[in-house]
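First the structure, in the form of structure tokens, and then the observations on it.
Note that this is a predicted model, so its numbers are computed, not measured. Only heavy atoms go into these numbers, but all of them, side chains included; no hydrogens, no water, no symmetry mates. When a residue number appears, it is its place in the shown sequence, counting from 1. Atoms within each ligand, like the ligands themselves, are counted from 1 in listed order.
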Amino acid sequence: MSDRLLAVLSEDLRPLAAQRLAAAEPVLRRLLAGLYGERADFDAWLGELMESLGVLYAARPAELRALDLERLACPGWFLSQRMLGYCAYVQNFGGDLNGVAERVPYLRELGVSYLHLLPFLRARGGENDGGFAVSSFDEVEPALGSNADLMALTANLRLAGISLCSDFILNHVADDHAWARAAKAGDADARAMFHVFPDRAMPDRYERTLGQVFPQVAPGNFSFIEELDGWAWTTFYPYQWDLNYANPAVFAAMAAALLRLANRGVEVFRLDSTAFLWKREGTNSMNQPEAHQLLQALRAIVDIVAPGVLLKAEAIVPTRELPAYLGSAEAPECHIAYHSSLMAAGWVALAEQGTGVLREVVRNTPALPAAATWLSYVRCHDDIGWNVLRAEASADGSDSAVRLARAARFFSGAEGSYAIGAAFQSTDPNAAHGSNGMAASLTGLQAARTDEEGALALRRMLLLHGLALSFGALPVLYMGDELAMENDYSYQDRPQHAMDSRWLQRPVFDLQRWKHRYDVSTVPGTMHQALAKLVRLRGRHDALAANAPRTLLADAPDGMLALARGERFLTLMNFSGRPQGYALQGVWRDCVAEQEKVGTLVLEPYAMYWLVRE
Ligand code: OTU
């Protein structure tokens with residue numbers, strides 16, 4: 001099979017390709033045979049796949065090939081404490097791709113080395129789930145730019161030492177993608193790219209055990225599509241048709257689409273909704289073994305054609321399901337995985353003024369395999385999903401549903417809470433599906449009436465960011481949080497967004513706040529300067545690298561989280577509104593305030609210390 005790949009390469013490219021094939025092809029073959037090997041045409045299909053990979057290998061630009069070699073020489077490059085991510089919508093951050101390029105100096109100033117731009121590929125007109133309904137993987141959304149602009153931006157970012165991360169929505173395409181259009185026109189091959197059922201018999205059987213992502217705005221997991229005269233599997237919105245990965249043509253086409261984007265300079269792929277790739281009756285059709293085999297096969301392909309590229313799993317799943325997305329030394333999968341349990345548990349700790357759930361998450365987080373990392377964050381464009389924490393929230397015997405619903409109520413602003421947010425996809429006030437809102441609004445900045453309330457809210461903002469920065473992960477800031485931007489209510493006036501309150505946390509970048517970023521007499525300036533300082537400090541301590549050891553210290557009071565990073569670095573975080581004491585052993589230096597600390601250290605409400613052993 002490898003001959004088919006090598007045959008399309010020029011003489012000079014063959015030796016290296018042959019070397020990579022020798023390492024990854026047996027794994028790839030085994031994985032694909034496991035998924036598709038029973039088909040009579042398997043060998044022919046695999047041969048064609050290898051040839052198409054050869055064509056993409058040959059097309060990889062020289063500068064990206066050079067980057068591949070650089071990354072291979074240092075496979076853990078993204079685990080460094082100097083790595084910092086930033087996530088934004090193109091239209092909100094810069095207007096279009098060229099506008100984003102103009103913000104590169106700002107990102108550099110902040111220490112950003114990884115930029116995740118939310119979906120920027122051609123999306124369906126009208127409602128499109130913020131670009132998560134893709135019509136073409138080979139075109140940039142016209143309002144945001146062109147492929148030439150994309151290549152110019154990736155080149156510009158590379159020069160600045162910033163890797164571009166793009167969403168790659170593997171689970172579904174928009175109902176106006178070429179495959180969907182062909183299927184509607186009656187093309188049988190195109191129809192076979194999707195899960196289409198002639199009647200409700202199978203959908204009803206699957207539904208018995210499936211969950212629902214959008215129970216209010218898009219109930220059920222199947223949609224009747226008139227032109228198909230059948231029911232299509234649509235886990236998310238009815239216009240997002242799930243792809244059928246049991247069909248090898250889907251896998252081959254999607255792998256090629258990813259590599260074409262890699263050849264335009266995308267360095268990291270956020271693999272959206274990875275948990276949902278394989279369907280199995282009698283299960284919730286999430287985290288199935290075949291979903292992992294598909295991701296491992298994709299990884300093997302990337303390792304052959306574009307080994308400098310990183311894969312990032314967006315699997316919003318319980319903590320125990322997460323490690324599998326990073327794979328193992330024998331079967332590597334993604335390089336990076338969102339740690340949504342850690343993110344949600346930080347918010348629960350604030351709501352409860354106690355760290356029980358958070359500690360349980362830390363305990364359930366295993367050591368990282370080589371050259372892989374968690375992704376830590378405070379907020380993102382989606383809701384804070386509480387359900388991933390069910391196991392941790394019941395570990396002490398509590399009723400997890402009641403406990404998480406309380407957190408959800410707290411962040412919707414109920415009963416004297418300082419938060420101003422919204423419950424997401426739960427009509428029942430006692431249900432815990434998710435919560436929306438910008439971090440500044442959820443931590444109390446929006447509601448603050450006095451300087452003192454404002455100062456407490458800022459501390460909560462910094463506390464959650466401090467957790468993300470010191471945990472041992474690749475931290476990603478969410479656009480606007482560095483300037484303490486608040487909820488944006490304008491979505492309520494846009495009919496295509498009004499029913500989806502995740503738009504509350506998708507504001508346009510605030511240039512006024514940005515102008516005040518150095519002015520510590522302002523809220524944005526105070527937030528920006530304090531955060532920038534933490535980022536700089538983090539960069540100086542290799543104890544804070546993603547893969548450096550982490551120990552949860554049991555001797556901290558309940559309202560506090562104490563994390564040791566190696567022998568010489570200690571983070572103390574007070575998640576409660578009461579002062580909390582911690583008895584230090586030995587002499588430490590507070591590296592934020594540059595002060596020596598000994599004996600019992602008292603942490604004011606929501607205060608945090610980063611300490612280095614003297
Ligand atoms: C992802 O999200 C994206 O981040 C969302 O913005 C998209 O709407 C969705 O996919 C469809 O493309 O379940 O693991 O609860 O956390 O939809 C994937 C809302 C997902 C999101 C959820 C999520």
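For His177, the side-chain contact (heavy atoms from CB on, under 4.5 Å) partners two or more places apart in sequence, or in a different chain, are Phe137, Val173, Trp179. Residues that satisfy the salt bridge (Lys or Arg N to Asp or Glu O under 4.0 Å) test with Lys184, not counting sequence neighbours, are absent from this structure.
Between Arg390 and Leu404 there is a side-chain heavy-atom pair separated by less than 4.5 Å.
Near ligand 1, heavy-atom contacts under 4.0 Å come from Asp129, Phe132, His172, Val213, Phe214, Phe236, Gln240, Arg270, Asp272, Ser273, Phe276, Glu314, Ile316, His381, Asp382, Asp383, Arg502.
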Side chains of residues 467-481: which donor-acceptor pairs under 3.5 Å do they make with residues two or more places apart or in other chains?
unit_1, atom_1, unit_2, atom_2, d
Ser470, OG, Gly466, O, 2.8
Tyr478, OH, Gln505, O, 2.6

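Screening Tyr245, Trp241, Phe236, Trp233 for a ring-ring contact (aromatic ring centres under 6.0 Å, His included) with His172, the sole residue that qualifies is Phe236.
Remark: Leu375 CG to Met83 CE distance equals 10.0 Å, nearest 0.5 Å.
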